[in-house]
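Only a predicted model underlies this, so the values are computations on that prediction, with no experimental measurement involved. Along the sequence shown, residues are numbered consecutively beginning with 1.
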Amino acid sequence: MNHWQGKWALITGASAGIGTALARELAAGGTNLVLTARRRDRLAGLAGELSLKHGIRTLVCVADLARSSGPEEIFTFTEAKNISVDLLVNNAGFGAYGEFHKVLVDRLLEMVQVNVSAVVHLTHLIFRG
């Protein structure tokens with residue numbers, strides 16, 4: 001029996017890779033999904049596929065966690081839809097590669113925003129209850 005069946009999960013970075021794989025696994029177990037990432041077309045395709053195949057509810061929220069307003073936008077979306085998130089999957093993230101001094105500082109700060117700040121901010125917003 002799936003503990004998350006009938007509950008809501010929010011997955012960041014759901015448009016590709018591990019995020020898509022996690023969405024498929026949760027959907028197969030009957031979990032309703034809020035899918036979020038930057039690419040609407042990929043999210044919409046995945047949402048449609050999972051709803052049809054597994055009979056779950058899916059919602060798409062396009063947001064960019066590299067922007068400091070990204071977590072608030074996602075939270076506001078869930079609030080407007082009256083969704084209480086039971087499971088938060090902070091999957092979005094990326095790495096900057098190369099010699100540190102050669103990587104643009106803006107890219108490094110964007111990476112910290114997505115990989116650290118957005119995770120803390122979104123988790124606090126969703127579970128501050």
Side-chain angles (χ1 to χ4, degrees):
M1 182 166 150
N2 181 1
H3 176 74
W4 303 110
Q5 184 174 9
K7 296 182 180 179
W8 281 96
L10 187 153
I11 304 173
T12 67
S15 64
I18 294 169
T20 297
L22 290 169
R24 287 194 169 113
E25 285 296 315
L26 286 165
T31 308
N32 299 311
L33 301 172
V34 177
L35 305 172
T36 184
R38 294 172 297 159
R39 296 175 284 203
R40 179 180 305 278
D41 57 336
R42 288 188 183 190
L43 290 173
L46 180 62
E49 168 199 328
L50 297 178
S51 290
L52 186 63
K53 185 174 182 180
H54 301 290
I56 61 161
R57 293 183 58 200
T58 57
L59 297 172
V60 168
C61 176
V62 177
D64 185 355
L65 292 175
R67 295 185 10 234
S68 61
S69 61
E72 188 71 46
E73 291 167 11
I74 294 168
F75 178 71
T76 299
F77 176 87
T78 62
E79 289 285 292
K81 300 289 185 183
N82 202 29
I83 299 296
S84 176
V85 175
D86 301 296
L87 173 65
L88 174 60
V89 181
N90 281 305
N91 171 71
F94 71 93
Y97 301 96
E99 294 179 53
F100 183 78
H101 68 280
K102 292 182 180 178
V103 179
L104 296 175
V105 72
D106 288 346
R107 186 67 172 158
L108 294 170
L109 293 173
E110 186 176 70
M111 184 176 63
V112 170
Q113 171 60 35
V114 172
N115 296 356
V116 180
S117 298
V119 170
V120 171
H121 191 182
L122 184 57
T123 303
H124 187 266
L125 289 167
I126 296 291
F127 296 119
R128 66 181 169 194

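Atom SG of C61 and atom CZ of R40 lie 8.5 Å apart (nearest 0.5 Å). A distance of 12.0 Å separates CG of L108 from NE2 of H101, quoted to the nearest 0.5 Å. Annotation: the span from L104 atom CG to L109 atom CG amounts to 10.5 Å, rounded to 0.5 Å. In this structure, NE2 on H121 lies 10.0 Å from CD1 on I74, to the nearest 0.5 angstrom.
In I18, the CD1 atom is not crowded: 12 or fewer heavy atoms of neighbouring residues, nucleotides or ligands sit closer than 6.0 Å. More than 12 heavy-atom neighbours from other residues, nucleotides or ligands sit within 6.0 angstrom of CZ on R67.
Closest non-hydrogen pair, G13 versus A92, comes out as N-CB, 3.7 Å. Scanning both residues, V60 and A47, for their nearest heavy atoms gives CG2-CB, 3.7 Å. Nearest heavy-atom pair across A37 and A14 is CB-N, 4.0 Å.
Although no hydrogens or angles enter the test, the distance criterion places no donor-acceptor pair under 3.5 Å between the side chain of T36 and the main chain of V62. At least one donor-acceptor pair closer than 3.5 Å links the side chain of T20 to the backbone N or O of A16. A donor-acceptor contact shorter than 3.5 Å is absent between the side chain of N32 and the backbone of T58. Checked by atom type and distance alone, the side chain of D64 never pairs as donor or acceptor with a backbone atom of R38 at under 3.5 Å. With hydrogens and angles ignored, the 3.5 Å screen pairs a side-chain donor or acceptor of S51 with a backbone N or O of I56. In terms of modelled atom types and a separation under 3.5 Å, the side chain of T31 and the main chain of A27 share no donor-acceptor contact.
Under the 4.5 Å side-chain heavy-atom criterion for Ile, Leu, Val, Met, Phe, Trp and Tyr, L10 and F127 are members of the same hydrophobic cluster. Cluster annotation: F77 is not connected to L35 through the hydrophobic network of ILVMFWY side chains, with a link wherever side-chain heavy atoms come within less than 4.5 Å. When the side chains of ILVMFWY residues are joined at heavy-atom separations under 4.5 Å, either directly or via intervening members, V103 and M111 end up in a single hydrophobic cluster.
Across V34, L22, L33, a single residue satisfies side-chain contact (heavy atoms from CB on, under 4.5 Å) together with V89, and that is L22. Screening L88, L59, L87, T78 for a side-chain contact (heavy atoms from CB on, under 4.5 Å) with W8, the sole residue that qualifies is L59.
Looking only at side-chain heavy atoms (C-beta outward), R107 and F94 come within less than 4.5 Å of each other. Contact of the R24 side chain with the E49 side chain is registered, since non-hydrogen atoms from C-beta on lie closer than 4.5 Å. Contact of the L26 side chain with the I11 side chain is registered, since non-hydrogen atoms from C-beta on lie closer than 4.5 Å. With contacts defined as side-chain heavy-atom distances shorter than 4.5 Å, the pair L65/P71 qualifies.
Every residue meeting the side chain to side chain contact (heavy atoms under 4.5 Å, CB included) condition with E79, not counting sequence neighbours, appears here in chain and number order: F75. Taking the salt bridge (Lys or Arg N to Asp or Glu O under 4.0 Å) definition, one finds that R39 meets it with nothing, sequence neighbours left out.
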- Item | Test side chain to side chain contact (heavy atoms under 4.5 Å, CB included) applied to R128 and L125, step by step | CA-CA 6 Å; R128 66 181 169 194; L125 289 167; 3.6 Å; yes
- Decide yes or no on side chain to side chain contact (heavy atoms under 4.5 Å, CB included) for L50 and K53, but give the supporting numbers first. CA-CA 5 Å; L50 297 178; K53 185 174 182 180; 5.7 Å; no
